[in-house]
Asks: 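The following block contains the structure, expressed as structure tokens.
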Amino acid sequence: MASPRDTTAPPLARYRKKRDFSITPEPSASTAETSDSARQSGFVVQKHWASRLHYDFRLELNGVLLSWAVPKGPCYDPSKKQMAVHVEDHPIFYASFEGTIPPKQYGAGTVIVWDHGTWEPAGDAVKGMETGKLIFRLHGQKLAGLWELVRISKPDDKQDQWMLFKKRDEWARSLEEYDVIKALPDSVVAHPLGPIEEREPKAARRARAEASAIDTIDMIDFSAAVPAPLPKKLEPQLATLASSLPRTGDWITETKLDGYRLLARIDEGRVKLFTRNGHDWTSKFPALAVAIKKLPVLSAWLDGEIVVLQDGIPSFSALQNAIDGRDNKDIVFFLFDLMFLDGKDLRKVPLWARRAQLASVLAEAGEQLLFSQDFDAPPAQVFEAAAGLGLEGLVLKRRDAPYESGRTESWLKAKSRLRQELVICGMTGRGGKSGEVGSLLLGYYVGNTLHDAGSVGTGWDAKTARELWNRLIPLEVDAAPFDVQVTKARRWSRRAAGSERWLKPTTVAEVEFAEWTGEGVIRQSSFKGLRLDKPARSVVREGGKTQLPEPPPQLKITHPERIIDATAAITKADLVHYYASVADWMLPHLKDRPVALVRAPDGVAGNLFFQKHAERTAMPGLTAHNRELWPNHPPLLTVDTADALLSAAQMNTIEFHTWNSVVPQIDKPDRVVFDLDPGEGVKWNHVQEGALLVRTLLSELDLKSWLKTSGGKGLHVVVPLIPELNYVTVKSFSQAFVRHLAKTIPERFSAISGPANRLGKVYVDYLRNGKGQTTAAAFSARARPGMGVSMPVAWEQLSDLKSGAQWNVHTAREYLSFQSRDPWADFWSTGQSLSSATERLP
């Protein structure tokens, strides 16, 4: 019998063989000619009540309908991978079939057309079918956006099994939010809906659900709201500067407004307006206070930005003029968050629900109080549009995030131009004369040290130049306020010697510029205005211009479509691209350390094996060391370069485990590793508490420690050492440490391995500290379903961790793209001795 993959069988041969067309009402087998090149290919999803209800998913290609049986049907949630069994091709005319297939016939049961429309492949569809990876866009009445089919079966399997899932785009929605199977169960022939793209895409649906209609408020999830008194002060949530736009995740995308941050407090009709630093500016904006007082609330805290629009675009200089002027009626208050409302604290409520409530509050607010809209498009598309319009950039916020005071990574700012606040440290006169500012001399803080940042000499007219002079001249001092001497090479080229007038560094300017030079000064700068709402001491150098997402590295990967983990739809290409993207982060943890590799030729569900030596399988790029390094053993291997890392990944290596010493000092470990492995019944918060207790005891021994997730169930606590003691001594210390821990808190810790010994306890594994023993390296993926990643984190992040596998191959790259600093940066320069700790350990 021909299989669905058999390209030698005549078209529709299997379809004909299975059916008796004198009995079944199904269309007879015939291929359709598609001579009209402009004609779009069709697709159909038929709901089929056979022996079991399932959905037949069909794509028109080369005159037939490629067909898959999908037991659970399509789902808009990208995290839901639906099994899809590739079956025989069907005739094109089957796309319109509705009816009942008689008993005892193949597929007996009722069929309806659940959805239909057109489809377009992303790339070569024929090649995609051959390789087992088909990405396509649907334009139906119920289904839209990008989807993917991936083959997961092997060539000799009886069934040709694939997975169907939604790609992350503007149409993606969580299953909890929207189940299309339950929401739209009927035939589109009997109950036509019209093209979905002429109705409401995701953002429009959200806008309706999250916007002003009062009758939708009961649908909003406020289960996390708690009764609470209205606080007197509230620190705002701040966004972290992103170096690139997120590739995945559910984000609300707003424009970055060119204005002043302002928070409004309403308490029984009394309105107060505060800057981000808590200064009361109510008296500056009486008209805004009156408008806010009219809102239909008794008490509230609202968050937003005040701007002045010129031709629809926020103008910072126009805002400053409006603030300084007596009449500031042109100021508009864009509101984007609601933290307290009528006796309830909403900060733990998901962002989308807070914004939905806020939109309702602002429904009749008038033209001075506006809801900050989000955009129905991928962030990269909105970013390009914002840059083209001359906007400052975007703010992206995780849709389900709580409101957290201070700078967070659930809010990101993406700048289309380099722009930031800088401290005014001095000035020169225009043309060497006093009375008008010719240039401003700028700086920024690194800790408590004030550094030179260059100068700005454009961006103002004569009137502003005089106003700046009059404002700044009372701040004049005798000497430059910089704590770091300005070298000759870094002095401002357009400033005549001796023309500087130095100032107390208390005033802040907003400046736009082309780039930071290698010497740390700005180039091609333009003044935008003063920042009266920000203290000078808070001004630090920010990062660079936000980059659009780069495509994955163009690597030559053999069998890229091979499924490594079917549960998470991770392919070999995904794994290799992951290691390519984290190579710079990971190599310091690998270089010169002997490795043990966990290889998975058949994926995580197949046979796994360790490889510690060169043996028979050569991996180009890996270093095989002299046998004398470890006598009586085959040559040890190290992964010292990106090429070596990717070479190992090409050979199906998933995990990289490393020794506690490096080759030049192979017998003297430079770290101790404590692996916290929870036994059955241990809650995650007990693992977190266990890590804190380990850190506390180490601190009492004057030992600093660093934290990383294991990529599995637990956590790793790592202590850097001076490589001075041998493995026996270091292992003895780790054993004594763990036994003391288990003896002191026996209800929480076990020092003995084995499931029976750690039931309800955290087993702290010290055995990894012996010679030849290894631990999963930082950033290593794990060869288990889900493919978690061992991620270095700061201790301050511990309370926010949800599991030891919080990040995986799909999500780790996104997380790392927003990290401006390695939390383990100081690990490498921290030398510690165990001598004193060993003596002090009970």
Side-chain angles (χ1 to χ4, degrees), residues 578-599 610-615 617-651 653-675 704-706 708 710-711 716-731 734 768-781 789-792 822-834:
Y578 165 71
Y579 279 124
S581 70
V582 301
D584 289 343
W585 294 80
M586 189 174 184
L587 284 172
H589 298 266
L590 294 175
K591 184 173 174 56
D592 291 334
R593 291 188 186 276
V595 293
L597 310 175
V598 177
R599 297 176 58 196
F610 267 87
Q611 180 175 343
K612 297 184 178 181
H613 313 287
E615 299 173 337
T617 303
M619 296 185 191
L622 273 73
T623 304
H625 292 272
N626 193 307
R627 287 176 179 269
E628 294 178 3
L629 191 66
W630 198 16
N632 302 318
H633 291 83
L636 294 172
L637 294 173
T638 58
V639 178
D640 302 323
T641 66
D643 287 343
L645 176 63
L646 299 185
S647 176
Q650 284 274 28
M651 294 300 291
T653 298
I654 294 180
E655 297 188 9
F656 294 80
H657 292 242
T658 55
W659 282 39
N660 285 350
S661 58
V662 293
V663 166
Q665 294 172 297
I666 193 68
D667 293 316
K668 295 179 179 180
D670 61 1
R671 70 184 187 192
V672 175
V673 178
F674 297 102
D675 179 7
K704 295 180 180 179
S705 59
W706 275 258
K708 67 185 180 82
S710 68
H716 294 161
V717 178
V718 187
V719 181
L721 300 176
I722 298 170
E724 58 182 358
L725 304 174
N726 60 32
Y727 268 102
V728 173
T729 304
V730 172
K731 182 181 177 182
S734 65
R768 299 177 184 274
N769 297 301
K771 185 171 182 177
Q773 301 303 308
T774 60
T775 305
F779 306 101
S780 174
V789 167
S790 180
M791 181 66 71
D822 181 357
W824 279 36
D826 297 332
F827 176 88
W828 312 105
S829 59
T830 303
Q832 303 176 116
S833 174
L834 288 182

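All values reported here derive from a predicted model rather than from experimental measurement.
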Asks: With sequence neighbours excluded, tell me which residues meet side-chain contact (heavy atoms from CB on, under 4.5 Å) with S790.
Replies: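 Here the qualifying residues are K708, H716.
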Asks: Can you find a heavy atom in the side chain of L597 that is under 4.5 Å from one in the side chain of L622?
Replies: yes
Asks: Considering only residues two or more places apart or on different chains, which pairs with a residue in residues 579-598 satisfy salt bridge (Lys or Arg N to Asp or Glu O under 4.0 Å)?
Replies: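 For residues 579-598: R593-D670.
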Asks: Would you check if the side chain of R671 reaches a backbone N or O of V718 as a donor-acceptor pair within less than 3.5 Å?
Replies: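 Between the backbone of V718 and the side chain of R671 there is no qualifying donor-acceptor contact (under 3.5 Å).
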Asks: Indicate yes or no for a side-chain donor-acceptor contact from Y727 to the backbone of G772 under 3.5 Å, with no hydrogens or angles considered.
Replies: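 A pair under 3.5 Å: no.
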Asks: May I ask you to test the Q832-V719 pair for a side-chain heavy-atom distance under 4.5 Å?
Replies: yes
Asks: With rounding to the nearest 0.5 Å, note down the distance linking CG in L645 to CG in L590.
Replies: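 L645 CG to L590 CG: 6.5 Å, rounded to 0.5 Å.
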Asks: For D826 and S829: C-alpha separation, side-chain torsions, deciding distance, then whether side chain to side chain donor-acceptor pair (under 3.5 Å) applies.
Replies: CA-CA 6 Å; D826 297 332; S829 59; 4.8 Å; no
Asks: With a 4.5 Å limit on heavy-atom distance, are the side chains of V598 and F610 in contact?
Replies: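 The answer is yes, as the side chains (C-beta and beyond) meet within the 4.5 Å cut-off.
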Asks: Starting at NE2 of H613, measure out to NE2 of H633 and round the result to the nearest 0.5 Å.
Replies: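 NE2 of H633 is found 6.0 Å from NE2 of H613.
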Asks: Please confirm whether the backbone N or O of A642 pairs with a side-chain atom of Y579, one donor and one acceptor, at under 3.5 Å?
Replies: no
Asks: With side chains defined as the heavy atoms from C-beta onward, is the minimum distance between T658 and V595 less than 4.5 Å?
Replies: yes
Asks: Under a 3.5 Å threshold, yes or no: a donor from one side chain and an acceptor from the other, between D640 and T638?
Replies: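 Short answer, yes.
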